[in-house]
Amino acid sequence: MSTIERHEYDVIVIGAGGAGLRAAVEAREANLRVAIICKSLFGKAHTVMAEGGAAASMGNVNEKDNWQVHFRDTMRGGKFLNHYRMAELHAKESPDRIWELETWGALFDRTKEGKISQRNFGGHEYPRLAHVGDRTGLELIRTMQQKIVALQQVDGRKTGSMEANIKVFAELTVTEILKEKDQIAGVYGYWRETGAEVLFEAPTVIIATGGVGKTFKITSNSWEGTGDGHALALKTGANLVDMEFLQFHPTGMVWPPSVRGILVTESVRGEGGVLTNTAGERFMFKYIPDVFIDKYADNEAEADRWYLDQDNNRRPPELLPRDEVARAINSEVKAGRGTEHGGVFLDVSKRLSAEVIKKRLPSMWHQFFELAGVDITKEPMEVGPTCHYVMGGVEVDPDTAAAVGVPGLFAAGEVAGGMHGSNRLGGNSLSDLLVFGRRAGIGASEYANKATRIPVSEASIKAASARIEAPFNREGGENSYSLHAELQEITHNLVGIVRTGAELKEAIAKIADIRKRSANVSVSGGRHFNPGFHLAFDLDNMLLVAESTAKSAILREESRGGHTRDDFPGMNDKWRQINHISSFDGTQVTIKAQPLPAIPKELFDLFDVHELEKYMTADEIAKGGSK
């Protein structure tokens with residue numbers, strides 16, 4: 001291409017969801033020039049899909065709640081594989097991030113006393129999710145966008161240009177992060193509409209690209225969720241941690257086809273929805289694991305009483321952590337007690353009036369009524385597990401969100417690993433975005449202020465440009481759509497919710513075969529409005545993610561959280577001490593085991609030692625946490 005559009009900034013944020021926007025605000029308020037690059041339209045980030053709420057121990061509905069309880073719940077949910085420091089920072093800082101959001105204009109639902117209302121969610125001991133009906137993510141993005149506009153208005157008054165210091169580049173795909181002399185120098189990409197190439201030069205890059213759901217056949221993720229940030233990080237020399245852990249949200253719609261994969265928010269169960277099989281049996285009572293037996297009701301009468309008196313009754317098992325509910329539904333379907341479409345029934349209509357459902361769950365009611373003709377005020381929904389969230393991601397320093405091994409690279413939100421361990425609790429993701437988005441913004445700003453800028457070399461630009469042009473220069477090669485469909489079948493059937501060693505081995509071989517063939521993907525037509533051109537790059541990213549997931553999964557010979565091995569059905573306390581680190585040498589992904597950092601004594605002491613015995617080795621218990 002003859003001319004390349006060029007920009008220069010201090011901080012580049014890839015992704016305009018909650019984490020990316022929160023990072024951008026922090027960097028701009030540190031007086032740096034910030035570029036926000038998003039693959040889709042501004043405001044259409046996947047954060048808007050988060051319905052139930054943002055978890056923060058504000059204690060507005062139950063004053064017994066505090067950061068220590070939230071920390072404990074997060075560690076339990078993640079089966080103690082979480083990076084303790086990330087879980088600690090998240091639990092301590094979430095309330096401030098929610099209150100801050102309110103000062104920026106977020107309109108949360110209120111309690112009778114006028115405080116921010118908080119609702120129950122699976123795995124949380126107390127009602128903890130600050131919410132806006134079932135449209136919380138949308139409100140978060142609206143508020144953050146407004147904050148960006150407010151910052152632009154200040155710049156406009158001072159400089160005459162609203163985009164002088166913070167600018168959004170929408171519908172732009174980043175194809176690579178550029179390094180010179182082993183440190184970050186910028187990013188390269190193209191405008192999706194025209195294919196015209198763009199170079200951004202900056203000493204710091206924050207990856208906030210979200211998830212990997214489109215690697216799988218049935219997913220709640222939008223078309224953007226192709227693991228771009230995970231793959232960009234690997235290609236830049238960063239590591240991914242714990243990629244075997246994928247969360248299959250237990251309740252995605254499985255029928256009718258018009259809504260397949262669309263999430264039914266956990267708040268439907270939090271508000272009283274129950275799960276039944278085709279025999280009409282409320283089956284979750286059969287699937288309460290031993291580690292949760294003292295916290296969850298084992299009979300319908302107590303479970304029903306909990307909705308009216310939470311202090312004196314155990315929780316309904318429908319509110320177990322997501323991995324437990326997803327596996328239970330999967331077991332019912334496999335045992336022949338599922339619907340003909342491979343799901344079970346979720347019904348909130350028997351407990352709540354139509355009026356209350358429409359008030360508390362307005363999006364759920366409207367969406368399924370309009371798109372599927374299902375009236376949730378009168379009839380059950382047909383639901384089953386759908387690929388929803390990846391716990392694995394870029395290995396980062398908890399305090400600064402700096403990517404390990406690549407100076408100038410940062411990551412926050414779903415693309416960053418460590419915070420959620422082997423399974424994320426619902427509601428923890430929205431507060432995760434805010435806590436670590438802010439920390440990434442601070443970390444990147446401090447780095448940018450000290451960094452020596454290294455200009456991007458002509459050789460790097462030429463190589464990046466050639467890679468974008470390559471698919472057009474191949475004739476009669478592979479079709480990216482066919483390869484993507486093949487990949488989704490492999491991940492769905494062999495790397496899905498329940499795995500075996502033999503199936504994972506088969507998946508690794510098949511993914512390697514697709515990777516080989518993908519090197520010969522050809523694209524016909526021009527660069528304008530060419531979705532096949534976009535998919536050629538997305539496919540490469542998804543293959544790296546799938547390879548990292550399958551290779552990590554075959555090594556972990558136990559079942560924990562979002563990783564279930566049929567051939568190793570139980571949790572093994574020795575595996576709790578191991579993180580799997582994925583790295584990429586340019587041709588293949590390799591995985592190494594790395595010890596988990598030991599929990600310090602003051603956090604260790606927050607737990608009853610008998611509970612820790614369910615997760616930790618005798619040696620760890622004897623040490624009583626690191627000093």
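Owing to the predicted nature of the structure, the values given are computational and were not obtained by experimental measurement. The figures here come from the full heavy-atom set of this structure, side chains too, leaving out hydrogens, waters and symmetry mates.
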Val268 and Met381 have their tightest heavy-atom pair at CG1-CE, 4.0 Å

Kindly indicate whether the side chain of His492, heavy atoms from C-beta on, has any atom under 4.5 Å from the side chain of Gln488.
-> no

Glu139/Arg135 ion pair, N-O < 4.0 Å = no

Shortest non-hydrogen contact from Pro95 toward Ala56 | N-CB, 3.8 Å

So, Trp575 versus His580, ring centres under 6.0 angstrom or not?
-> yes

Output yes when a side-chain donor or acceptor of Thr47 lies under 3.5 Å from a complementary backbone atom of Gly18, and no otherwise.
-> yes

Is the ring centre of Tyr84 less than 6.0 Å from the ring centre of Phe604?
-> no

From CA spacing to verdict: salt bridge (Lys or Arg N to Asp or Glu O under 4.0 Å), Arg576, Asp573 = CA-CA 5 Å; Arg576 192 207 67 78; Asp573 53 16; over 6 Å; no

Evaluate salt bridge (Lys or Arg N to Asp or Glu O under 4.0 Å) for Asp73 paired with Lys295, printing each intermediate quantity in order.
-> CA-CA 12 Å; Asp73 288 344; Lys295 297 211 167 9; over 6 Å; no

For the residue pair Trp255 and His341, does the interplanar ring angle fall in the parallel (under 30°), tilted (30 to 60°) or perpendicular (over 60°) class?
-> parallel

Taking every non-hydrogen atom, the tightest pair across Asp567 and Gly501 = OD2-N, 2.7 Å

Sidechain-backbone polar pair: Glu558 side chain, Asn572 backbone, donor-acceptor under 3.5 Å = yes

Take Phe248 and Phe216, measure what ring-ring contact (aromatic ring centres under 6.0 Å, His included) needs, and give me the verdict at the end.
-> CA-CA 11 Å; Phe248 287 79; Phe216 285 78; 5.8 Å; yes

Taking it one step at a time, do Lys64 and Asp311 satisfy side-chain contact (heavy atoms from CB on, under 4.5 Å)?
-> CA-CA 11 Å; Lys64 291 181 192 166; Asp311 288 334; 3.8 Å; yes

Lys/Arg-Asp/Glu bridge criterion (N-O < 4.0 Å) met for Arg322, Glu266 = yes

Stepwise salt bridge (Lys or Arg N to Asp or Glu O under 4.0 Å) test for Arg360 and Asp109 | CA-CA 10 Å; Arg360 291 189 195 166; Asp109 291 350; over 6 Å; no

N-O pairing of Arg76 and Glu611 below 4.0 Å | yes

Taking atom types as modelled, find out whether His90 and Asp432 have a side-chain donor-acceptor pair closer than 3.5 angstrom.
-> no

Under the side-chain contact (heavy atoms from CB on, under 4.5 Å) test, which residues partner Asn60, sequence neighbours left out?
-> Met58, Lys115, Ile116, Gln118

State, without any angle test, whether Trp223 and Asp538 hold a side-chain donor-acceptor pair at a distance under 3.5 Å.
-> no

Passing option when Glu244 is tested against Arg556, Lys551, Arg499 for salt bridge (charged side-chain N to carboxylate O under 4.0 Å, His left out) = Arg556

Show the numbers, then the answer: is there a side chain to side chain donor-acceptor pair (under 3.5 Å) between Asp375 and Trp365?
-> CA-CA 7 Å; Asp375 186 346; Trp365 177 76; 3.1 Å; yes

Do the two ring centres, one from His420 and one from Tyr389, sit under 6.0 Å apart?
-> yes

Does a side-chain heavy-atom distance below 4.5 Å link Thr339 with Val333?
-> no

Give a yes or no on whether a salt bridge exists between Glu88 and Lys92, defined as a side-chain N under 4.0 angstrom from a carboxylate O.
-> yes

Please confirm whether the backbone N or O of Glu557 pairs with a side-chain atom of Arg565, one donor and one acceptor, at under 3.5 Å?
-> no

Do the charged groups of Arg128 and Asp65 touch, with an N to O distance under 4.0 Å?
-> yes

For the pair Glu302 (side chain) and Arg314 (backbone), establish whether a donor and an acceptor sit closer than 3.5 Å, ignoring hydrogens and angles.
-> yes

Any chance the side chains of Thr226 and Lys39 put a donor and an acceptor closer than 3.5 Å?
-> yes

Side-chain H-bond candidate by donor/acceptor type, Tyr287 with Glu332, under 3.5 Å | yes

Given side-chain contact (heavy atoms from CB on, under 4.5 Å), test Arg351 with Asp304 step by step and report yes or no.
-> CA-CA 10 Å; Arg351 195 183 298 277; Asp304 289 346; 3.0 Å; yes

Please check if atom NZ in Lys286 has more than 12 non-hydrogen atoms from other residues, nucleotides or ligands closer than 6.0 Å.
-> yes

Donor-acceptor pair between Ser422 and His563 side chains, under 3.5 angstrom = no

Compare all side-chain heavy atoms of Arg315 with those of Glu125 and state whether any distance is below 4.5 angstrom.
-> no

After noting the C-alpha distance and the side-chain angles of Ser117 and His131, does the key distance pass the side chain to side chain donor-acceptor pair (under 3.5 Å) rule?
-> CA-CA 7 Å; Ser117 179; His131 56 91; 3.2 Å; yes

Heavy-atom pair of closest approach, residues Asn82 and Met419 | ND2-O, 3.1 Å

Within the distance-only criterion (no hydrogens, no angle test), does the side chain of Gln247 pair as donor or acceptor with the backbone N or O of Arg424 below 3.5 angstrom?
-> yes

Run the numbers on His388 and Ser220 for side chain to side chain donor-acceptor pair (under 3.5 Å), then give the verdict.
-> CA-CA 5 Å; His388 177 54; Ser220 65; 2.8 Å; yes

Assess whether atom CD of Glu113 is packed by more than 12 heavy atoms of other residues, nucleotides or ligands within 6.0 Å.
-> yes

Thr143 (side chain) donor-acceptor with Leu101 (main chain) under 3.5 angstrom = no

Does the pair Asp290/Lys614 count as a salt bridge with the N-to-O cut at 4.0 Å?
-> no

Are Lys79 and Asp323 within salt-bridge range, i.e. N to O under 4.0 Å?
-> yes

Any donor-acceptor N/O pair, Arg269 side chain to Glu318 backbone, under 3.5 Å = yes

Side-chain donor/acceptor of Ser40 to backbone N/O of Lys44, under 3.5 Å = no

Any luck finding a side-chain donor-acceptor pair between Thr74 and Asn428 under 3.5 Å?
-> yes

Report the relative orientation of the aromatic rings in Phe71 and Phe607; use parallel for angles under 30°, tilted for 30 to 60°, perpendicular for over 60°.
-> tilted

Kindly write out the residues that satisfy side-chain contact (heavy atoms from CB on, under 4.5 Å) with Pro289, not counting sequence neighbours, or none if the list is empty.
-> Val291, Phe292, Leu320, Glu324

Thr209 side chain to Gly229 main-chain N or O, any donor-acceptor pair under 3.5 Å?
-> yes

Given Leu352 and Glu271, is the side-chain contact (heavy atoms from CB on, under 4.5 Å) satisfied, shown in steps?
-> CA-CA 8 Å; Leu352 299 180; Glu271 300 288 0; 3.9 Å; yes

Test salt bridge (Lys or Arg N to Asp or Glu O under 4.0 Å) applied to Lys217 and Glu489, step by step = CA-CA 6 Å; Lys217 189 164 80 169; Glu489 282 298 326; 3.0 Å; yes

Give the minimum heavy-atom separation between Ile591 and Ser582, together with the two atoms involved.
-> CD1-OG, 3.3 Å

Nearest heavy-atom contact between Gly561 and Asn423 is CA-CB, 4.0 Å

Under 3.5 Å, is there a donor-acceptor pair between the side chain of Ser431 and the main chain of Ala55?
-> yes

